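Note that this is a predicted model, so its numbers are computed, not measured.
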Amino acid sequence: MDDIFNKYIPLLWRGIDPKYQITENEVKTWVLSFYTMLNRFSDLPYEKVENGLSLLKHQRVNTREHFIKIDAVSDKLAFIARGLFRVYYITDDGSEKILVFRGSGYMLSAFSAFLENKVSWFGIQALEESDLLYITFEDYKKQVQKDPFWQIINARYIEMLFIEKEKRERELLSDNAETRYKHFLKKYPGFETRIKQYHIASYLGISPVALSRIRNKRKS
């Protein structure tokens, strides 16, 4: 396995714009994290690791920039090597509602839009400077169409998204605000100090004032 990493990590690193001042060791850490993430879906055969690494590219997304904008075409499936994002939509009255947060070590995509060949109904915005390793959906689709291994990865990724969506809906329908806040702290350890209060409130479905009351109550 080391020979594959030694082959593709320098290639990926050399393809990154030097202005970002990213070291080869940083890229190695990111790739190893990507490999670990994929192994959570399925054990990786030797040759499949090589196929995946050969398709990866780098993208820097600055704070407040979008990976995917609302009503835009989704053309990439990304792995968050470093950073933090919010996935959100806009209601009929113009207010923003946050569906989920995504941090380092997780996948990032408008996957439903890709599957349906439609524009994305939600946006994905960086909350801090972030680095992504991505594959184009076109390359991803080719891998899934021809390779049973990637079909397994695809099915388990969809399964993960479905389970996450179901749990999120259950929380919003069944739990009170204080319980939802406890779930947020458990699901996203360390995010509380990285995310603005109004974004957390939006995720919880409450006002910033209500969130402040919950926090003060927990401190007392």
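- The shortest distance between side-chain heavy atoms of Tyr188 and Tyr203 falls below 4.5 Å.
- Annotation: side-chain contact (heavy atoms from CB on, under 4.5 Å) contacts of Thr193 (sequence neighbours excluded): none.
- Annotation: salt bridge (charged side-chain N to carboxylate O under 4.0 Å, His left out) contacts of Arg194 (sequence neighbours excluded): Glu128.
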Atom pairs and distances, donor-acceptor, side-chain atoms in residues 204-213, under 3.5 Å, two or more places apart:
residue	atom	partner	partner atom	Å
Ser207	OG	Ala210	N	3.1

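- For Tyr198, there are no ring pair (Phe, Tyr, Trp, His ring centres under 6.0 Å) partners, not counting sequence neighbours.
- For Glu166, there are no salt bridge (charged side-chain N to carboxylate O under 4.0 Å, His left out) partners two or more places apart in sequence or in a different chain.
- The side-chain contact (heavy atoms from CB on, under 4.5 Å) search around Leu161 returns Arg102, Phe111, Tyr157, Glu164, not counting sequence neighbours.
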Quiz: residues 18-25 side-chain donor-acceptor pairs under 3.5 angstrom, not counting sequence neighbours:
residue	atom	partner	partner atom	Å
Thr23	OG1	Glu26	N	3.1
Thr23	OG1	Glu26	OE1	3.4

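- Looking at residues two or more places apart in sequence or on another chain, you find no salt bridge (charged side-chain N to carboxylate O under 4.0 Å, His left out) involving Lys219.
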Considering only distance and modelled atom types, tabulate donor-acceptor pairs under 3.5 Å from the side chains of residues 139-149, sequence neighbours left out.
residue	atom	partner	partner atom	Å
Asp139	OD2	Thr136	OG1	3.3
Tyr140	OH	Asn154	OD1	2.9
Asp147	OD1	Lys48	NZ	3.4
Asp147	OD1	Phe149	N	2.9
Asp147	OD2	Lys48	NZ	2.7

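- The ring pair (Phe, Tyr, Trp, His ring centres under 6.0 Å) check on Tyr89 picks up Trp121, with sequence neighbours excluded.
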Name every donor-acceptor pair, under 3.5 Å, that has one atom in a side chain of residues 64-73 and the other anywhere in the protein, sequence neighbours excluded.
residue	atom	partner	partner atom	Å
Glu65	OE1	Asn62	N	3.0
His66	NE2	Tyr88	OH	2.7

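- Sorted by first and then second residue, the salt bridge (Lys or Arg N to Asp or Glu O under 4.0 Å) pairs with a member in residues 80-91 read Arg82-Glu129, Arg82-Asp131, Arg86-Glu96; sequence neighbours excluded.
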